[in-house]
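Encoded as structure tokens, the structure appears first; notes follow it.
Remember, predicted model here, so these are calculated numbers, not experimental data.
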Amino acid sequence: MFKSPWHWMRMALSRFADFRGRSSRPEFLWSLIGLLGIWYVSRTILSLVTVAPSSFIAFLPRAVIEVPALAVLVRRLHDLNLSGWWPIPPLLLLGPVAFIVADLPILQSPTPIAVLSFGFMVWVATMPVVMVLSLFWTGRQGVPGPNRYGSEPQ
């Protein structure tokens, strides 16, 4: 039976802070598309009312959207019979990479801008790899039947 994208977005948003259970591929995909749309519209509205990008009000849409996005990602990983802690290791790897990058001879200049810009370039270079791995993980079919995280999503 066909279920509309609105159905999947409503389902994900009704469980916005629930990190237990499992989420299907359509629920994951459509909820992320909907959350990105909500974020884009809210950022556009805030820019029209000239809110400074560094203000707390400008940060709110991102903070409000990250919780349901992380929750649906964790539930999607649960559907693959993977731990919800898997998004953490790429973040932990950024610390050692930053120390290695900051120690490069090219960055021994006294300007911190050189270090920041080079670190940003390293981040930009590694993000496609993380994105492809994320798409591979979340795009796979879930484990059929019940697993240690619950029953199969509908």
Item to complete: Taking salt bridge (Lys or Arg N to Asp or Glu O under 4.0 Å) as the test, write out the residues that go with Arg10, two or more places apart.
Response: none

Item to complete: Hey, could you give me the CG/OG distance between Leu29 and Ser23, rounded to the nearest 0.5 Å?
Response: 12.0 Å

Worksheet entry | Spatial distance of atom NZ (Lys3) from atom OG (Ser24) [nearest 0.5 Å] | 8.0 Å

Worksheet item: Does the Ser83 side chain pair with the main chain of Trp86, one donor and one acceptor, at a distance under 3.5 Å?
Response: no

Worksheet item: Sub-3.5 Å donor-acceptor pair from the side chain of Arg20 to the main-chain atoms of Gly150, do we have one?
Response: no

Worksheet entry | Stepwise side-chain contact (heavy atoms from CB on, under 4.5 Å) test for Arg25 and Arg76 | CA-CA 7 Å; Arg25 285 185 287 184; Arg76 181 72 198 125; 2.9 Å; yes

Are [X] and [Y] connected, step by step, through hydrophobic side chains (Ile, Leu, Val, Met, Phe, Trp, Tyr) whose heavy atoms are closer than 4.5 Å?
| X | Y | answer |
| --- | --- | --- |
| Phe28 | Leu80 | yes |
| Trp137 | Leu32 | yes |
| Phe136 | Val72 | yes |
| Leu36 | Trp30 | no |
| Met11 | Ile33 | yes |

Any heavy-atom pair between the side chains of [Y] and [X] that's under 4.5 Å?
| X | Y | answer |
| --- | --- | --- |
| Pro153 | Arg75 | no |
| Asp79 | Tyr149 | no |
| Pro87 | Leu73 | yes |
| Arg148 | His78 | no |

Response to the item:
Taken in chain and number order and not counting sequence neighbours, the residues that satisfy side-chain contact (heavy atoms from CB on, under 4.5 Å) with Phe19 are Leu70, Ala71, Val74

Worksheet item: Taking all non-hydrogen atoms of both residues, which atom of Ser151 and which atom of Arg22 are closest, and how far apart?
Response: O-CD, 3.3 Å

Practice prompt. Could you pull out the closest heavy-atom pair between Ile65 and Leu35, with the gap in Å?
Written response: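 So the minimum-distance heavy-atom pair works out to CD1-O, 3.4 Å.
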
